[in-house]
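These numbers come from the heavy atoms of this one structure, side chains and all, not from hydrogens, waters or symmetry mates.
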Amino acid sequence: MSAPLKLQEFFVDPARLASGRCCHTRDRQIGEGDISASYSADKIAEGRVRSPFKWQNALWVSVGGTSKGDYRAVQAYRIIERRFYGGTPITYNENARMSATARGRPEGFYHGMSVKWGKLACVLIGPASIFLPSEEKAAPEQADMFDLL
């Protein structure tokens, strides 16, 4: 069993990592960043993902995160169309049956996992990367005009 690769770190505008707040009146999240909105670990077992986010000319899907106070970091995998994947895709259930073997792969647990994004057949590609808030001050946040109503 190989040790997992060190996660590649990317520093992004903290607004992209924001979890937002729930608006019960409109039944949606307000102020949620695109990276956080792509969280799909709960859907991957069903073979689906939420809308990916774009980073460095690739599409990515969040599979988890951590937060402590204002600090927030998100782990994500690239997602590509199945026709561009060179290997044999695996389902979540097949992967979970391998348990320790799957978790110990250098590319990560979700690597090679078959999912659908809408009607498009896709595959998650590892190794995972971690998205961290940049230390530079984020651009000023614009108020949502609907919040004022």
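- Atom CD in Glu9 sits 7.5 Å away from atom CD1 in Ile130 (nearest 0.5 Å).
- Checking side-chain atoms of Arg78 against main-chain N and O of Ala58 turns up no donor-acceptor pair under 3.5 Å.
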Quiz: residues 79-88 side-chain donor-acceptor pairs under 3.5 angstrom, not counting sequence neighbours:
| from | atom 1 | to | atom 2 | distance (Å) |
| --- | --- | --- | --- | --- |
| Glu81 | OE1 | Arg83 | NE | 2.8 |
| Arg82 | NH2 | Ser114 | OG | 2.2 |

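- Using a 4.5 Å cut-off between side-chain heavy atoms of Ile, Leu, Val, Met, Phe, Trp and Tyr, with links allowed through other members, Ile125 and Tyr110 fall into different hydrophobic clusters.
- In this structure, Phe10 and Phe131 have tilted ring planes: the angle between them lies in the 30° to 60° band.
- Met113 and Trp117 fall within the same hydrophobic cluster, defined by Ile, Leu, Val, Met, Phe, Trp and Tyr side-chain heavy atoms under 4.5 Å apart, directly or through other members.
- Within the 4.5 Å cutoff, no side-chain heavy atoms of Val61 are placed close to those of Tyr77.
- Taken to the nearest 0.5 Å, the CG atom of Leu124 stands 11.0 Å off from the CH2 atom of Trp60.
- Here the shortest heavy-atom pairing between Lys54 and Arg16 reads O-NH2, 2.8 Å.
- Under the 4.5 Å side-chain heavy-atom criterion for ILVMFWY residues, a single connected hydrophobic cluster contains both Tyr92 and Leu120.
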Taking distance alone, no hydrogens or angles, what donor-acceptor pairs closer than 3.5 Å link side-chain atoms of residues 38-46 to residues at least two apart or in another chain?
| from | atom 1 | to | atom 2 | distance (Å) |
| --- | --- | --- | --- | --- |
| Ser38 | OG | Ile35 | O | 2.8 |
| Ser38 | OG | Ser62 | N | 3.1 |
| Ser40 | OG | Ser38 | O | 2.8 |
| Ser40 | OG | Arg50 | N | 2.8 |
| Asp42 | OD1 | Arg50 | NH1 | 2.7 |
| Asp42 | OD2 | Arg50 | NH2 | 3.1 |
| Glu46 | OE1 | Arg48 | NE | 3.3 |
| Glu46 | OE1 | Arg48 | NH2 | 2.4 |

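- When all heavy atoms of Arg72 and Pro133 are compared, the pair lying nearest together is O-CD, 3.0 Å.
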